[in-house]
Amino acid sequence: MKTEPDVFSIYDLAKAEKSTTCWDGVRNYQARNYMRDLMKFGDRVLVYHSNAEPSCVVGTATISNTSYPDHTAWDLKDPHFDPKSDPNSPRWFMVDITLEAIFQVPLALSELRLIPELFKMELLRKGSRLSVQSVRAEEFKKICSLGKPKRLNS
DNA sequence: GCCAACGTTGGC
DNA sequence: GCCAACGTTGGC
């Protein structure tokens, strides 16, 4: 899952109550479908900082609440307000994620591109813009082995 | 700041 | 349903 660190970084997540946040503001149908239809409680996710210097995979989190309507779509003052989302038939959904580990070695895109096991990874595809993507188990494992995750409570 | 790669909108 | 115009994402 991508986030712009200027807006909400993994360090903000670490500081949040119970290291948990709702993943609001996603306004892309495919990304929404991943969250609404595919994500299950306990699923693990990679946290990625986009538009950063450099852009990096910075840690892991878990799904701590499965999908529910994204109420920020109905909030006039929210930057992601969507007049076409009807509270009686919500258009946008979100999940909650809880921080699992921060990488002691953040993994920049340029570095990930050099890893043969990751050549097919969606994140590394040219023009890959989707903010919620699926990651293959082997890719997840490889990235964790490179990132040296530092668990919160251990 | 540039621009490729999308996704969305709306006229027809 | 097609597609041009426009808007957004995000690496570089």
Side-chain angles (χ1 to χ4, degrees), chain A residues 1-16 20-39 43-63 66-97 99-149:
Chain A
M1 300 176 88
K2 298 184 185 177
T3 183
E4 300 194 18
D6 293 347
V7 179
F8 187 86
S9 74
I10 197 166
Y11 311 108
D12 294 321
L13 178 57
K15 280 181 277 182
T20 297
T21 188
C22 60
W23 207 257
D24 62 290
V26 173
R27 297 293 180 267
N28 170 285
Y29 289 105
Q30 202 178 338
R32 176 205 67 183
N33 293 348
Y34 275 131
M35 292 196 293
R36 189 189 58 185
D37 305 334
L38 262 40
M39 287 180 167
D43 282 352
R44 300 175 74 202
V45 307
L46 295 175
V47 179
Y48 175 76
H49 281 172
S50 62
N51 270 317
E53 293 180 16
S55 294
C56 285
V57 178
V58 288
T60 62
T62 59
I63 303 301
T66 52
S67 81
Y68 58 100
D70 180 347
H71 55 77
T72 65
W74 307 316
D75 181 353
L76 266 168
K77 283 168 288 189
D78 192 279
H80 301 288
F81 170 71
D82 179 4
K84 284 176 285 190
S85 183
D86 173 4
N88 295 314
S89 175
R91 174 177 299 214
W92 304 114
F93 290 79
M94 59 186 174
V95 296
D96 291 349
I97 72 168
L99 182 63
E100 182 177 58
I102 293 179
F103 286 171
Q104 292 172 282
V105 184
L107 304 170
L109 269 195
S110 58
E111 298 166 328
L112 295 177
R113 289 192 195 285
L114 304 174
I115 314 295
E117 291 94 324
L118 304 179
F119 282 175
K120 289 171 71 180
M121 197 177 174
E122 168 66 17
L123 183 68
L124 305 184
R125 226 192 74 244
K126 190 179 179 186
S128 182
R129 303 190 317 170
L130 206 57
S131 65
V132 181
Q133 312 178 345
S134 62
V135 178
R136 280 175 271 262
E138 319 84 74
E139 295 165 347
F140 198 101
K141 198 174 163 187
K142 182 67 184 177
I143 284 178
C144 285
S145 76
L146 294 169
K148 305 201 184 308

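Residue numbers start from 1 in every chain, and the chains themselves are labelled A, B, ... in the order their sequence lines are given, proteins ahead of strands.
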Only distances under 3.5 Å count here; give the side-chain donor-acceptor pairs of residues 103-115 of chain A to other protein atoms, sequence neighbours excluded, each with its distance to 0.1 Å.
unit_1  : atom_1 : unit_2  : atom_2 : d
E111(A) : OE1    : A108(A) : N      : 2.9
R113(A) : NH1    : L124(A) : O      : 2.7

[atom1] of [X] versus [atom2] of [N]: gap in Å, rounded?
X: Y29(A); N: dT8(B); atom1: OH; atom2: C1'; answer: 9 Å
X: L130(A); N: dT8(B); atom1: CG; atom2: C1'; answer: 15 Å
X: E53(A); N: dG10(C); atom1: CD; atom2: P; answer: 15 Å
X: N28(A); N: dG10(C); atom1: CG; atom2: C1'; answer: 14 Å
X: K84(A); N: dG10(B); atom1: NZ; atom2: C1'; answer: 11 Å

Tell me, please, which residues at least two apart from [X] pass side-chain contact (heavy atoms from CB on, under 4.5 Å).
X: F140(A); result: R44(A), L46(A), T60(A), V135(A), C144(A)
X: V7(A); result: E4(A)
X: E138(A); result: R136(A)
X: S85(A); result: A73(A), W74(A), D82(A), R91(A), W92(A)

* Taking only heavy atoms on the protein side, list every residue of residues 112-128 of chain A lying under 4.0 Å from any atom of DNA chain B, sorted numerically. =>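 Output list: R125(A), K126(A), G127(A).
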* Asked: Taking OP1 and OP2 of dG11(C), is either one under 4.0 Å from a side-chain nitrogen or oxygen of K2(A)?
  ->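 Checking dG11(C) against K2(A), no side-chain N or O comes under 4.0 Å of OP1 or OP2.
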* OP1 or OP2 of dG11(C) under 4.0 Å from side-chain N/O of Y48(A) ->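 Checking dG11(C) against Y48(A), a side-chain N or O does come within under 4.0 Å of OP1 or OP2.
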* Asked: Can you list the residues that meet the salt bridge (charged side-chain N to carboxylate O under 4.0 Å, His left out) rule with R27(A), with sequence neighbours excluded?
  ->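 Per chain and number, R27(A) pairs via salt bridge (charged side-chain N to carboxylate O under 4.0 Å, His left out) with D70(A).
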* Can you name the residues that form a salt bridge (charged side-chain N to carboxylate O under 4.0 Å, His left out) with K2(A), not counting sequence neighbours? ->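 Result, salt bridge (charged side-chain N to carboxylate O under 4.0 Å, His left out) vs K2(A): none returned.
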* **Considering all heavy atoms, the nearest C56(A)-Y48(A) contact** =>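 Minimum heavy-atom contact is O-CD1, 3.2 Å.
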Could you run down the sub-3.5 Å N/O contacts of the protein with nucleotides 1-7 of chain C?
none

